[in-house]
Amino acid sequence: MADRKRTAAQMANTSFGNAAYDLSNTMVAPQRKERQAPQPAPEPRRQSGRRAAAQPQVRPQQGISLFAVTGFAAIALMAVLVLTSYVQLNSVYAATGTMEDYLSDLVDEEASLRSEYNDLFDTATLQEVAEEAGLVEPSYSQKVYLELAEPDNAVVYEQTEDPGVIEQVAEDLESFWRSVLTYFAR
């Protein structure tokens, strides 16, 4: 039944045969509105005798942001700190190279001194020379052991106090500027 209603509704809006070509049928071709001709735009009013002078348009001046200035100052400070740290790193590399050369010289000198020591002080030769000179190892009765009732004490002289935070920062800044000046004085 629902199918019949749909087909009946569909059939009411369709046309078959000669009615398809009937242009007066309002169901098939609705009437169109006639187009209106565009109206000309009204002319602007002109002042009599005076011509309007063209004024340049100027943007209002914008202020400089305090945040931007602070940011640029922080970036500049960090750039200076990076450069000075590179200066310090370069001086450390140079000092490391010098120290490595000095260490290799000391290792060579130690090896030559050990060989001289071993050549001069042969234990068998020393024992023979000591027996010829009349030196003998002390006997048990000749050995004396000391026992002290009081514990041993050690006294440390020239004790220095730790510098305060302000003095340490001042020394670090002085050392830093000295290294910067030394680097650029080359």
Side-chain angles (χ1 to χ4, degrees), residues 41 44 47 50-186:
Q47 294 180 356
R50 243 169 58 174
R51 184 174 175 187
Q55 294 181 356
Q57 293 181 351
V58 179
R59 284 195 313 191
Q61 183 178 5
Q62 296 179 353
I64 297 174
S65 170
L66 180 63
F67 182 71
V69 170
T70 306
F72 283 122
I75 289 171
L77 177 67
M78 287 186 186
V80 167
L81 289 177
V82 166
L83 288 175
T84 54
S85 66
Y86 279 130
V87 167
Q88 286 180 342
L89 183 64
N90 192 12
S91 64
V92 167
Y93 281 146
T96 302
T98 305
M99 294 286 188
E100 285 176 350
D101 293 341
Y102 184 64
L103 178 65
S104 65
D105 292 342
L106 288 178
V107 167
D108 293 341
E109 187 178 347
E110 178 194 15
S112 65
L113 290 175
R114 281 193 186 270
S115 66
E116 283 181 38
Y117 175 78
N118 290 335
D119 291 342
L120 293 175
F121 298 107
D122 185 22
T123 54
T125 309
L126 283 176
Q127 195 170 9
E128 289 176 13
V129 171
E131 287 175 1
E132 289 175 6
L135 298 174
V136 291
E137 196 167 329
S139 66
Y140 183 74
S141 62
Q142 293 175 328
K143 294 179 184 177
V144 177
Y145 293 100
L146 281 175
E147 289 187 28
L148 300 174
E150 295 182 19
D152 291 336
N153 290 330
V155 177
V156 177
Y157 291 100
E158 297 181 15
Q159 207 172 17
T160 59
E161 294 181 18
D162 291 334
V165 174
I166 296 173
E167 290 86 13
Q168 185 66 36
V169 169
E171 287 177 14
D172 290 343
L173 285 175
E174 182 181 343
S175 170
F176 170 73
W177 286 114
R178 216 177 299 129
S179 67
V180 168
L181 291 175
T182 303
Y183 177 77
F184 287 114
R186 291 183 188 170

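Given the structure is predicted, the values throughout are model-derived calculations rather than measurements. The figures here come from the full heavy-atom set of this structure, side chains too, leaving out hydrogens, waters and symmetry mates.
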Within a reach of under 6.0 Å around [atom1] of [X], are more than 12 heavy atoms found that belong to other residues, nucleotides or ligands?
| X | atom1 | value |
| --- | --- | --- |
| Y86 | OH | no |
| Q127 | CD | no |
| I166 | CD1 | no |
| E167 | CD | yes |

Please output the side-chain donor-acceptor pairs of residues 138-145 that fall under 3.5 Å, not counting sequence neighbours, one pair per line with the distance.
residue	atom	partner	partner atom	Å
S139	OG	S141	OG	3.1
Q142	OE1	S139	N	2.9

What pair of heavy atoms forms the shortest contact from V180 to T84, and how long is it?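 Closest approach of V180 to T84, heavy atoms only: CG2-CG2, 4.1 Å.
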
First locate atom CG of L89, then atom OG1 of T96, and finally report the distance between them rounded to the nearest 0.5 Å.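 Separation between the atoms: 9.0 Å.
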
Rounded at 0.5 Å granularity, tell me how far OG1 in T182 sits from CH2 in W177.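 Interatomic distance, T182 OG1 to W177 CH2, rounded to 0.5 Å: 12.5 Å.
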
When the side chains of residues 103-115 are checked against the rest of the protein, which donor-acceptor pairs come out under 3.5 Å, sequence neighbours left out?
residue	atom	partner	partner atom	Å
S104	OG	D101	O	2.7
E110	OE2	R114	NE	3.3
E110	OE2	R114	NH2	3.4
S112	OG	E109	O	2.8
S115	OG	S112	O	2.7

